[in-house]
Engineer: 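I am attaching a structure below and will ask some questions about it afterwards.
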Amino acid sequence: MTCRHIIVVGTVLIMSALLSACGREPSVDIKAVKAQPKTFIGSDTCRNCHLEHYDSWKTTLHSRMLIDVKENPHAIVADMNPELIRADLEKIKDKLKVPVEDIYIPDPAEILYVIGTQWKQRYVIKKGETFHVAPV
């Protein structure tokens, strides 16, 4: 191989390396990511790397299965009237593990999250350090 060939091959290799780096996202520092607190990062963070999956998911009801009531107070579609709820529970009292009068029905102001959207909803409340799905 002549000196000219070595220079051409070297130049091609350097240019290839430079061009392949153009437009790439910086690599992820795995150690830094693992050192962060283990918290929910949210769907929007996933969208950054998984746009096609995010867009597909976002158009389904699955994307609205857990709704923060503080962000969307209209998420609660049921009438949270304790008398009506207890009347419905009376109809199925033989299937319940506790008496109807022992079931805790939360005030709408206590509800943190709604699970479900259209056909069936459950309500997440927090008592002490524990989350519960209501009625409890």
Side-chain angles (χ1 to χ4, degrees):
M1 198 182 261
T2 67
C3 186
R4 183 170 182 219
H5 285 105
I6 292 172
I7 292 173
V8 170
V9 170
T11 303
V12 169
L13 289 175
I14 291 171
M15 291 301 292
S16 295
L18 289 173
L19 289 174
S20 68
C22 290
R24 269 196 340 202
E25 292 291 322
S27 61
V28 175
D29 183 352
I30 299 298
K31 287 182 183 178
V33 171
K34 287 184 174 184
Q36 294 177 1
K38 310 304 185 255
T39 59
F40 178 67
I41 58 171
S43 308
D44 289 333
T45 303
C46 300
R47 178 183 59 198
N48 295 333
C49 297
H50 307 281
L51 185 59
E52 182 178 325
H53 297 293
Y54 176 88
D55 287 345
S56 173
W57 164 81
K58 191 67 176 172
T59 61
T60 70
L61 288 178
H62 292 272
S63 67
R64 295 178 292 284
M65 286 307 295
L66 183 66
I67 301 170
D68 185 331
V69 175
K70 303 268 185 283
E71 291 176 13
N72 185 357
H74 302 292
I76 301 171
V77 296
D79 181 1
M80 296 300 290
N81 180 331
E83 290 83 29
L84 292 175
I85 294 170
R86 289 201 191 283
D88 283 343
L89 290 171
E90 276 294 329
K91 296 173 189 174
I92 59 166
K93 67 182 177 181
D94 296 338
K95 298 177 183 178
L96 300 174
K97 295 180 181 181
V98 296
V100 171
E101 59 273 4
D102 291 347
I103 295 175
Y104 179 76
I105 299 169
D107 182 85
E110 294 177 87
I111 299 172
L112 301 174
Y113 300 97
V114 173
I115 301 171
T117 55
Q118 295 177 333
W119 299 284
K120 189 175 193 178
Q121 286 191 326
R122 296 291 181 258
Y123 308 100
V124 179
I125 61 171
K126 189 173 185 181
K127 291 286 186 186
E129 293 300 312
T130 307
F131 289 94
H132 298 277
V133 178
V136 182

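All of these numbers come straight from a predicted model, not from anything done at the bench. Basis for what follows: all heavy atoms, side chains included, without hydrogens, waters or symmetry-related copies.
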Engineer: Can you give me the closest heavy-atom contact between Gln121 and Val114, atom names plus distance?
Structural biologist: NE2-CG1, 3.2 Å
Engineer: Can you check whether Trp57's main-chain N or O pairs, donor with acceptor, with Thr60's side chain at less than 3.5 Å?
Structural biologist: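 Between the backbone of Trp57 and the side chain of Thr60 there is a qualifying donor-acceptor contact (under 3.5 Å).
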Engineer: Are Leu61 and Val77 connected in the hydrophobic side-chain network, where two residues link if heavy atoms are under 4.5 Å apart?
Structural biologist: no
Engineer: If you take all heavy atoms of Arg122 and Val133, which pair is closest and at what distance?
Structural biologist: CB-CG1, 3.4 Å
Engineer: Atom OG1 in Thr45, atom NE2 in His50: separation rounded to 0.5 Å?
Structural biologist: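 Going from the OG1 atom of Thr45 to the NE2 atom of His50 covers 10.5 Å.
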Engineer: Which pairs, with at least one residue in residues 62-115 and sequence neighbours excluded, count as a ring pair (Phe, Tyr, Trp, His ring centres under 6.0 Å)?
Structural biologist: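 Residue pairs with at least one partner in residues 62-115: there are none.
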Engineer: So, Tyr54 and Asp44: side-chain donor and acceptor under 3.5 Å apart, yes or no?
Structural biologist: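 Checked: Tyr54/Asp44 side chains pair up, N/O donor to acceptor below 3.5 Å.
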Engineer: Tell me whether Leu112 is reachable from Ile115 by hopping between hydrophobic residues (I, L, V, M, F, W, Y) whose side-chain heavy atoms are closer than 4.5 Å.
Structural biologist: yes
Engineer: Does atom CD of Glu52 have more than 12 heavy-atom neighbours, drawn from other residues, nucleotides or ligands, at distances under 6.0 Å?
Structural biologist: no
Engineer: Distance check, rounded to the nearest 0.5 Å: Lys58 atom NZ versus Ser43 atom OG?
Structural biologist: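 Going from the NZ atom of Lys58 to the OG atom of Ser43 covers 6.5 Å.
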Engineer: So does Lys126 have more than 12 non-hydrogen atoms from other groups sitting under 6.0 Å from NZ?
Structural biologist: yes
Engineer: Looking at side-chain heavy atoms only, is the closest gap between Leu96 and Ile103 below 4.5 Å?
Structural biologist: yes
Engineer: Between Met80 and Val69, is there a shared hydrophobic cluster once you connect ILVMFWY residues whose side-chain heavy atoms come closer than 4.5 Å?
Structural biologist: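 Yes, same cluster.
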Engineer: What distance do Leu84 atom CG and Leu89 atom CG have between them, rounded to the nearest 0.5 Å?
Structural biologist: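 These two atoms lie 11.0 Å from each other.
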Engineer: According to side chain to side chain donor-acceptor pair (under 3.5 Å), does anything in residues 77-89 pair up with another residue at least two apart or in another chain? List the pairs.
Structural biologist: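 Side chain to side chain donor-acceptor pair (under 3.5 Å) check on residues 77-89 returns Asp88-Lys91.
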Engineer: List the atom of Ala75, the atom of Ile67, and the distance in Å for their closest heavy-atom pair.
Structural biologist: CB-CG2, 3.6 Å
Engineer: Atom CD1 of Ile125 and atom CD1 of Ile105: how far apart are they, to the nearest 0.5 Å?
Structural biologist: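 Those atoms lie 11.0 Å apart.
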